[in-house]
Undergrad: 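First, the structure itself, so that you have it in front of you.
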Amino acid sequence: MLSTIHDVSTQVGQEVTLRGWLHNRRSSGKIHFLIVRDGTGFIQAVMSKAVIGDEAFARAGHLSQETSLSITGTVRADARAKGGYEIDVAGIEVHGEAHDYPITPKEHGVDFLLDRRHLWIRAERQTAILRVRHEVIDAVRDFFNSRGFILCDTPVFTPAACEGTTTLFPVQYFEETTAYLTQSGQLYNEANAMALGKVYCFGPTFRAEKSKTRRHLTEFWMVEPEMAYADLNDVIALAEGLIASVVARVLDRRAAELRLLERDTAKLEAVTTPFPRITYDEAARILREKGQPFEYGTDLGGTDETVLSEHFDRPVCVTHYPGSVKAFYMKPDPEQPDKALCVDVLAPEGYGEIIGGGQRLDDFDLLLQRIREHGLPEEAFQWYLDLRRYGTVPHGGFGMGIERCVAWICKLEHVRETIPYPRMLYRLYP
């Protein structure tokens, strides 16, 4: 019976065939211990010379790491085995031999591994991280789909910036036209919300920031919900619900992966709503009290976010930043016009911002003024201004970066491990 490592727990005592790759091998006299992976997990296959025969046993003794093979044998429960099960091998078939596999069990440098990322993702730790990533994405989609949000795809090619012209990747379009890789689907999603009420987009985004920090990638995935007839409190409540739901889902369905990553799940179990809420002014006061050098009126830096997040045991919502440090589309607070109706959600344990959003400007004249103040091309934003010409309403939303969220949940040192093929300032290969 053809099976997978994931399913062997239901097949104890049965003979099954597993198709996969040899991850590691060791021998003890007349027994080979083969660690086999098949994409769903890892299992130890025990091969006895007395059962398999001299010739097959000798051939198996020369198999190298990452050789593709099929093994047939009986599933046996063993509490001592990793995963709780082993296979007693009755037969083996080799499909493709591997020779001199470059990533061995010894320690390798990060650059060496990233140059071979197409092979590194086969490692047990990396597959665990990518399974958590899958669960996070699945949980995000289920969260919005179950709450009446409609998925609306937004363009990757855009005619202009939505946040800042200095962080755009230009792309040669047809003839003499220059397009840009999207920084965000938000502006288009605002239009979608005026048609469908509650929407979200989910796709790759690109930022040409020359940053080398552990939190930055030049290409990453972001989910962006937008809601018509919504204010800042609605946006915050949605963000809190999303994060809590995603964390609970990973704790429930990816406990094995979190154990392998040695994640302290007690930290994640504390992630329940409501989250603490502080204003930018309160954040500045906390930073001063902690001796953190911070210039009031500037945006929070990575170290500032880390210091603030360590003050709380769960994500914290920071609201009402100075309008001068936020994007042109942020709505000013009517009671404090110099402050924006915005929110950044900072993850605990020093992981910084994972969500940024707020209430959008719904006043035509003020939005046009802000576009001009930011030196943005008016002609490129006429369609966006139309949303304020024809039936404008209070509305808002946010963006959540998948990679930063996964890095926090898995407690990784760098976001580069959260995506199969990371794109960074000096990395475009493989």
Side-chain angles (χ1 to χ4, degrees), residues 1-28 30-99 101 103 105 118-139 141-142 249-261 410 420:
M1 175 175 60
L2 190 62
S3 185
T4 67
I5 294 170
H6 176 269
D7 293 330
V8 297
S9 62
T10 64
Q11 296 163 337
V12 174
Q14 298 180 39
E15 185 174 87
V16 301
T17 297
L18 302 176
R19 299 188 297 198
W21 296 264
L22 181 63
H23 180 67
N24 205 348
R25 172 181 55 81
R26 62 185 177 85
S27 297
S28 176
K30 298 182 179 181
I31 299 177
H32 292 319
F33 299 95
L34 311 178
I35 305 300
V36 176
R37 64 174 189 86
D38 71 347
T40 72
F42 291 72
I43 196 168
Q44 179 165 274
V46 181
M47 179 182 289
S48 168
K49 186 175 183 179
V51 173
I52 202 76
D54 292 353
E55 185 180 345
F57 188 83
R59 284 201 309 270
H62 296 287
L63 296 179
S64 60
Q65 185 181 354
E66 288 307 313
T67 290
S68 56
L69 45 75
S70 296
I71 59 169
T72 298
T74 303
V75 179
R76 171 169 48 83
D78 188 332
R80 300 167 300 175
K82 190 172 183 178
Y85 302 91
E86 290 185 341
I87 299 286
D88 288 326
V89 179
I92 184 170
E93 179 183 1
V94 174
H95 304 296
E97 292 189 24
H99 300 287
Y101 188 69
I103 303 177
H118 54 295
L119 302 177
W120 188 24
I121 58 173
R122 301 180 183 188
E124 190 171 18
R125 173 183 167 84
Q126 299 307 310
T127 57
I129 294 168
L130 294 180
R131 285 195 186 93
V132 172
R133 177 191 174 93
H134 163 80
E135 201 64 55
V136 167
I137 290 173
D138 215 28
R141 292 185 182 278
D142 285 350
R249 171 80 160 260
V250 174
L251 284 169
D252 179 46
R253 299 193 184 182
R254 296 295 168 180
E257 285 79 4
L258 294 176
R259 281 195 302 272
L260 189 146
L261 295 169
C410 293

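Values below: every heavy atom of this structure, side chains too, minus hydrogens, waters and symmetry copies.
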Undergrad: Answer whether the closest heavy-atom distance between the side chains of I35 and F42 falls below 4.5 Å.
TA: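 I35 reaches F42 side chain to side chain.
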Undergrad: Going by salt bridge (charged side-chain N to carboxylate O under 4.0 Å, His left out), name the residues that satisfy it together with R131, two or more places apart in sequence or in a different chain.
TA: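 Applying salt bridge (charged side-chain N to carboxylate O under 4.0 Å, His left out) to R131 gives none.
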Undergrad: Without placing hydrogens or testing angles, list every side-chain donor-acceptor pair under 3.5 Å for residues 15-24, not counting sequence neighbours.
TA:
| unit_1 | atom_1 | unit_2 | atom_2 | d |
| --- | --- | --- | --- | --- |
| T17 | OG1 | T72 | OG1 | 2.9 |

Undergrad: Please identify each residue that fulfils salt bridge (charged side-chain N to carboxylate O under 4.0 Å, His left out) with D142, with sequence neighbours left out.
TA: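 Checked D142 against salt bridge (charged side-chain N to carboxylate O under 4.0 Å, His left out); matches are R249.
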Undergrad: For F33 and S28, what are the C-alpha separation, side-chain angles and deciding distance, and is it a side chain to side chain contact (heavy atoms under 4.5 Å, CB included)?
TA: CA-CA 8 Å; F33 299 95; S28 176; 3.9 Å; yes
Undergrad: For the pair E257 and R125, find out whether any cationic side-chain nitrogen is under 4.0 Å from an anionic carboxylate oxygen.
TA: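 So E257 does not pair with R125 through a salt bridge.
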Undergrad: Could you go step by step and tell me if K82 and E124 meet the side chain to side chain contact (heavy atoms under 4.5 Å, CB included) rule?
TA: CA-CA 12 Å; K82 190 172 183 178; E124 190 171 18; 2.8 Å; yes
Undergrad: For a 4.5 angstrom cut-off between non-hydrogen side-chain atoms, does V46 reach V89?
TA: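 When only atoms from C-beta onward are counted, V89 and V46 do not touch, as no gap falls below 4.5 Å.
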Undergrad: Nearest 0.5 Å, please: how far is OG in S3 from CG in D38?
TA: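 Going from CG on D38 over to OG on S3, the span is 8.5 Å.
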Undergrad: Which distance, rounded to the nearest 0.5 Å, do you find between the CZ of R25 and the OG1 of T67?
TA: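 If we round to the nearest 0.5 Å, R25:CZ and T67:OG1 are 9.0 Å apart.
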Undergrad: Could you pull out the closest heavy-atom pair between C410 and V132, with the gap in Å?
TA: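 Minimum heavy-atom contact is SG-CG1, 3.6 Å.
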Undergrad: Just how far is it from atom CZ of R122 to atom CZ of R37, taken to the nearest 0.5 Å?
TA: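 Going from the CZ atom of R122 to the CZ atom of R37 covers 5.5 Å.
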Undergrad: Sub-3.5 Å donor-acceptor pair from the side chain of D138 to the main-chain atoms of R141, do we have one?
TA: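 No, because the side chain of D138 does not come within donor-acceptor range (under 3.5 Å) of the backbone of R141.
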Undergrad: Could you check whether any side-chain heavy atom of R26 comes within less than 4.5 Å of a side-chain heavy atom of Q44, counting everything from C-beta outward?
TA: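 Sidechains of Q44 and R26: in contact.
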Undergrad: Answer yes or no: are there more than 12 heavy-atom neighbours, outside H6 itself, under 6.0 Å from its atom NE2?
TA: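 No, NE2 of H6 has 12 or fewer neighbouring heavy atoms, counting only those of other groups under 6.0 Å.
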Undergrad: Can D7 and T10 be counted as having a side-chain donor-acceptor contact under 3.5 angstrom?
TA: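 Note: D7 and T10 side chains miss the donor-acceptor criterion.
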Undergrad: Check step by step if side chain to side chain contact (heavy atoms under 4.5 Å, CB included) holds for M47 and L34.
TA: CA-CA 8 Å; M47 179 182 289; L34 311 178; 3.8 Å; yes
Undergrad: Does the side chain of H134 reach to within under 4.5 Å of the side chain of I137, using non-hydrogen atoms?
TA: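 H134 does not reach I137 side chain to side chain.
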Undergrad: Taking the side chain as every heavy atom from C-beta outward, state whether I92 and L63 have any pair of such atoms under 4.5 Å apart.
TA: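 Side-chain contact under 4.5 Å: yes.
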Undergrad: How many angstroms lie between atom OG1 of T127 and atom CZ of R133, to the nearest 0.5 angstrom?
TA: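 That separation rounds to 14.5 Å.
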Undergrad: Residues two or more places apart in sequence or in another chain: which of them pass salt bridge (charged side-chain N to carboxylate O under 4.0 Å, His left out) with R253?
TA: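 For R253, the residues satisfying salt bridge (charged side-chain N to carboxylate O under 4.0 Å, His left out) (neighbours in sequence not counted) are E135.
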Undergrad: Using a distance-only test with no angle check, is there a side-chain donor-acceptor pair under 3.5 angstrom linking T74 and Q14?
TA: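 No, no side-chain donor-acceptor pair sits under 3.5 Å.
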Undergrad: To the nearest 0.5 Å, tell me how far Q126 CD sits from I121 CD1.
TA: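 Spacing of CD (Q126) from CD1 (I121) equals 9.0 Å.
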Undergrad: Looking only at atom types and distance, does a side-chain atom of Q65 sit under 3.5 Å from a main-chain N or O of I103, one as donor and one as acceptor?
TA: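 Yes, because the side chain of Q65 sits within donor-acceptor range (under 3.5 Å) of the backbone of I103.
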Undergrad: If I take atom OG from residue S9 and atom OH from residue Y85, how far apart are they, to the nearest 0.5 angstrom?
TA: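 Rounded to the nearest 0.5 Å, the OG-OH separation comes out at 5.0 Å.
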Undergrad: Tell me which donor-acceptor pairs under 3.5 Å the side chains of residues 49-59 have, and how far apart each pair is, sequence neighbours excluded?
TA:
| unit_1 | atom_1 | unit_2 | atom_2 | d |
| --- | --- | --- | --- | --- |
| E55 | OE2 | R59 | NH1 | 3.2 |

Undergrad: If you take all heavy atoms of A77 and V12, which pair is closest and at what distance?
TA: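 For A77 and V12, the tightest heavy-atom pair comes out as N-CG1, 4.1 Å.
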Undergrad: Closest approach of V8 and V75, non-hydrogen atoms and distance?
TA: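 Nearest pair, atom of V8 first, then V75: O-CG1, 3.5 Å.
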Undergrad: Salt bridge (charged side-chain N to carboxylate O under 4.0 Å, His left out) with K30: which residues, sequence neighbours excluded?
TA: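 So K30 forms no salt bridge (charged side-chain N to carboxylate O under 4.0 Å, His left out) with any residue.
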